[in-house]
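Here is the structure we will look at.
To find a chain, count down the sequence lines: A is the first, B the second, and so on, and within it residues start at 1. Since the structure is predicted, the reported quantities are computational estimates derived from the model, not experimental observations.
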Number of protein chains: 2
Amino acid sequence: MSDSKNDLAGKNESDEVSKEVTDKYSLRGRVFNRIREDILSGKYAENEELKEVSIGNELGVSRTPVREALRQLELEGLVNIIPNKGAYVHGISQKDIHDIYVIRSYLEGLAARWACERITDEEIEALEENVYISNFHIGKKHYETIVELDSAFHETIYKASGSKILEHQLSTYHHYVERIRKISLGREERAKKSNEEHAAILEAIKGRNGDLAEKLAHEHIISTIANLNKQGL
Amino acid sequence: MSDSKNDLAGKNESDEVSKEVTDKYSLRGRVFNRIREDILSGKYAENEELKEVSIGNELGVSRTPVREALRQLELEGLVNIIPNKGAYVHGISQKDIHDIYVIRSYLEGLAARWACERITDEEIEALEENVYISNFHIGKKHYETIVELDSAFHETIYKASGSKILEHQLSTYHHYVERIRKISLGREERAKKSNEEHAAILEAIKGRNGDLAEKLAHEHIISTIANLNKQGL
DNA sequence: GCAAGTATCATTGTATACAATAATGCACAT
DNA sequence: ATGTGCATTATTGTATACAATGATACTTGC
């Protein structure tokens, strides 16, 4: 075998490749993501019935993947299933979104605290790079990229927390409010401030200051909530 | 032969709306709960492969309900599914349990805070009754009942928080650690102290003192963690 | 003897068939 | 005209059949 230092060809021990729990490439995964998007984007009305055959026909698949997707969405709370009766949309309201942000404000704080104890040098480097590159893209108004970098920053901290449970939960919430985050980070002013807050959190983590890191990460989310309110969301 | 298959068909008790998202009376629901219990109780080894046909045969059902159950467990994080390959146990470790308690310490605090603002008179009465009755059963060492009452107390607060999201999440965590809670409350000393803490939380909520309620609910869980450590868990 | 390629098998992914349950509408009695 | 009961229909629940993919073992060429 080759001892080449180039990683790019070799298999890079990726036990957890996909961020998403549900894979994107199976029919079930696609149906799942599609319905979820349609619920989160408001395409389906609240309490609307989701019939397996209808959705199946619409997406060109059979009932089986649709059923599996609906059962998963039930567990996520986005769909309400009444046995032998049907599946009904149970979307997230404005209040739900607000609740998620408040919950996140606590859990992001906890994640930052734990990250202080367990973060690796590679992860710190990734965060530093993230903040630096984000600054560039904010200047260029590359909003798509900004959102992706924001996700990556938070996900890195989730992972650095060393808690599978916390990482899993925060990832889910993070995805839930993705639509909202896109709007929030669409304002250059907020994007800039957000990245400054990221930098401060990073410094606290680098300094292994758990109390401060928790406080800053907590305030980062509170600050986001305030911004959303300012935008009338 | 009147084993698994017939057990489920005979269940006729209803009337009560299930706390669990997943209904208990469909095959899928039964399979789901069964596998979950088996993972949480440690019957399956970590990373053990869960083959659809094997489990199906074992429970006397076809692959379909098993698949659906596995897909749901994947979303709960208890099973890791590699597309086209298989489903693998991803159980919760001692550390996971500890993490859950710490996470809960924050979220229970938040639930108590929110409950101060939104709790109804009926819910307050239910909590008062709960504390009173618990005291009785603690004296009688009715440990089964004590655990149920403990669950009911917390679930009532979750509901009183008025947050669908928070309620859903805390319920899930609460169930996750049910096995541990049974052990914890099995010591009379802890059961007694726990109920006193419940009483204090209730008083804070009745007084609509959000800061205090949050603090007490938070400390209630921290206190539980300390007790678990004392028991070597 | 060993490695590469291939055949075979095991297992999952998807579709469809059949069964059970709930919803709907119509006939009929009052 | 209306309410009840039955038949019909629509929809979900479960089982099975078939397709696709990955794992395994064997063969074959060297």
Quick one about A:Arg181 and A:Ser151 (side-chain donor to acceptor, distance below 3.5 Å, no hydrogens or angles considered), yes or no?
yes
According to a strict under-4.0 Å criterion, is A:Lys51 in side-chain N/O contact with OP1 or OP2 of D:dT11?
yes
How is A:Leu70 classified with respect to the nucleic acid when contacts are heavy atoms under 4.0 Å: base, sugar-phosphate, or nothing?
nothing
Any donor-acceptor N/O pair under 3.5 Å between C:dT14 base and A:Ser26 side chain:
no
Sorted by position of nearest nucleotide on DNA chain D, 5' first, the leading residue of A:Gly86 and A:Thr64 is A:Gly86
Could you please name the option among C:dA22, D:dA17, C:dT16 that lies closest to any side-chain atom of B:Arg63?
D:dA17
From NZ of B:Lys85 across to P of D:dG22 the rounded distance in Å is 10 Å
How many Å lie between CD on B:Glu52 and P on C:dT14, as a whole number?
11 Å
Nucleotide D:dT12, atom C1' - distance to CD of A:Glu68 in whole Å:
15 Å
Between B:Arg71 and C:dG13, is there a contact of a side-chain N or O with OP1 or OP2 at under 4.0 Å?
yes
Can you measure A:Glu49 atom CD to D:dT11 atom P for me and round it to whole angstrom units?
7 Å
Taken to the nearest whole Å, CD1/B:Ile82 to P/C:dT11 is 15 Å
Measure from the side-chain heavy atoms of A:Pro65 and tell me the nearest of D:dG22, C:dT14, D:dT14.
C:dT14
What residues form a ring-ring contact (aromatic ring centres under 6.0 Å, His included) with A:His220, not counting sequence neighbours?
A:His154, A:His198
Do A:Arg190 and A:Thr224 have side-chain N/O donor and acceptor atoms under 3.5 Å apart?
yes
Would you say the side-chain atoms of A:Asp96 and A:Ser93 include a donor-acceptor pair closer than 3.5 Å?
yes
Atom-pair distance (CD1 on A:Ile81; C1' on D:dT12), nearest Å
10 Å
Examine D:dG13: is either OP1 or OP2 under 4.0 Å from a nitrogen or oxygen in the side chain of A:Arg67? Give yes or no.
yes
Within this structure, what is the CG-to-P distance between A:Leu27 and D:dA19, rounded to whole angstrom?
16 Å
Nearest whole Å is fine: how far is D:dG13 P from B:Arg30 CZ?
16 Å
Base, sugar-phosphate, or nothing: which does B:Leu50 touch, judged by heavy atoms less than 4.0 Å apart?
sugar-phosphate
Donor-acceptor side-chain pairing of B:Gln169 and B:Thr172 below 3.5 angstrom:
no
